[in-house]
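In this chain, numbering begins with 1 at the start of the sequence shown.
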Amino acid sequence: MELNDSIKTIKGIGDKTASAFARLGIETVNDLLLNYPRTYVTYEDPVDISDLQAGSRQSVRAVVNSRAEVRKVHGLTIVILYAKDFSGTIKLTWFNCPFLRNFFHIGQEFVFVGNVAYKAV
């Protein structure tokens with residue numbers, strides 16, 4: 001396979017998939033290799049809860065401290081969970097994920113990744 005070959009030479013790419021790629025301007029193997037994603041997610045090392053900074057995407061290693069609470073608010077299903085590490089406690093919130101109620105159990109340790117926001121209580 002050469003860089004100037006059609007993407008149809010790649011196993012699994014037929015006429016239908018090739019036409020979808022053509023709409024994106026990808027017709028050769030080289031075009032496909034040079035088509036980078038417009039965004040990507042990086043996972044940094046976890047920080048302590050006390051070191052979290054609002055307005056950024058960070059990860060934290062914490063132990064589940066409460067049962068997952070599910071609420072319905074204005075047509076949204078909100079799941080709320082508290083987790084802690086040696087430096088503090090954090091409130092975690094997910095939207096429209098009611099299945100998480102059965103996923104988390106008290107005492108389990110996870111690395112949580114998301115956008116940090118401070119809310120006045």
Distance, nearest 0.5 Å, that separates CD1 of I49 from CD1 of I90: 5.5 Å
Within a reach of under 6.0 Å around CG of N96, are more than 12 heavy atoms found that belong to other residues, nucleotides or ligands? yes
Examine L24 and L34 and state if one hydrophobic cluster contains both, with Ile, Leu, Val, Met, Phe, Trp and Tyr joined whenever side-chain heavy atoms are less than 4.5 Å apart. no
Heavy-atom side-chain proximity of V47 to L52 below 4.5 angstrom: yes
V29 vs I10 side-chain heavy atoms within contact, under 4.5 Å: yes
No-hydrogen, no-angle side-chain donor-acceptor test under 3.5 Å, S87 and D85: yes
Between P46 and V111 the two heavy atoms that sit nearest each other are CG-CG1, 4.0 Å
With a sphere of 6.0 Å drawn around CD of E2, does it hold more than 12 non-hydrogen atoms of other residues, nucleotides or ligands? no
So do the side chains of F21 and I13 get within less than 4.5 Å of each other, counting heavy atoms only? yes
Same cluster (ILVMFWY, side-chain, under 4.5 Å), Y43 and F112: no
State, to 0.1 Å, how close P98 and V79 come at their nearest heavy-atom pair, and which atoms those are. CA-CG2, 4.0 Å
Can K8 and D15 be said to form a side-chain contact (heavy atoms from CB on, under 4.5 Å), step by step? CA-CA 7 Å; K8 290 183 190 180; D15 292 334; 2.9 Å; yes
Do the side chain of S66 and the main chain of Y82 share a donor and acceptor less than 3.5 angstrom apart? yes
Are more than 12 heavy atoms, taken from residues, nucleotides or ligands other than F104, located less than 6.0 Å from that residue's CZ atom? yes
Any donor-acceptor pair under 3.5 Å linking the side chain of D31 with the backbone of T28? yes
May I ask you to test the R57-V113 pair for a side-chain heavy-atom distance under 4.5 Å? yes
Could you go through the side-chain contact (heavy atoms from CB on, under 4.5 Å) check for L81 and V64 one step at a time? CA-CA 8 Å; L81 179 77; V64 175; 3.7 Å; yes
Is there a side-chain contact between I78 and W94 (heavy atoms, below 4.5 Å)? no
Between the CG atom in N35 and the CG atom in N30, the distance rounded to the nearest 0.5 Å is 11.0 Å
Within this structure, what is the CG-CG distance for the pair L92 and L100, rounded to the nearest 0.5 Å? 10.5 Å
Distance flag, aromatic centroids of F110 and F103, threshold under 6.0 Å: yes
E69 bridged to R67 by N-O distance under 4.0 Å: no
Would you check if Q53 and Q58 make a side-chain contact, meaning some heavy-atom pair closer than 4.5 Å? yes
Between L33 and M1, is there shared hydrophobic-cluster membership here, with clusters defined by ILVMFWY side-chain heavy atoms closer than 4.5 Å? yes
With side chains defined as the heavy atoms from C-beta onward, is the minimum distance between F95 and C97 less than 4.5 Å? no
Are V60 and Y118 connected in a single hydrophobic cluster, I mean Ile/Leu/Val/Met/Phe/Trp/Tyr linked by side-chain heavy atoms less than 4.5 Å apart? yes
Would you please test I80 and R71 for side-chain contact (heavy atoms from CB on, under 4.5 Å) and show each step? CA-CA 8 Å; I80 298 171; R71 297 181 188 168; 3.6 Å; yes
Heavy atoms, side chains only, cut-off 4.5 Å: are N65 and I106 in contact? no
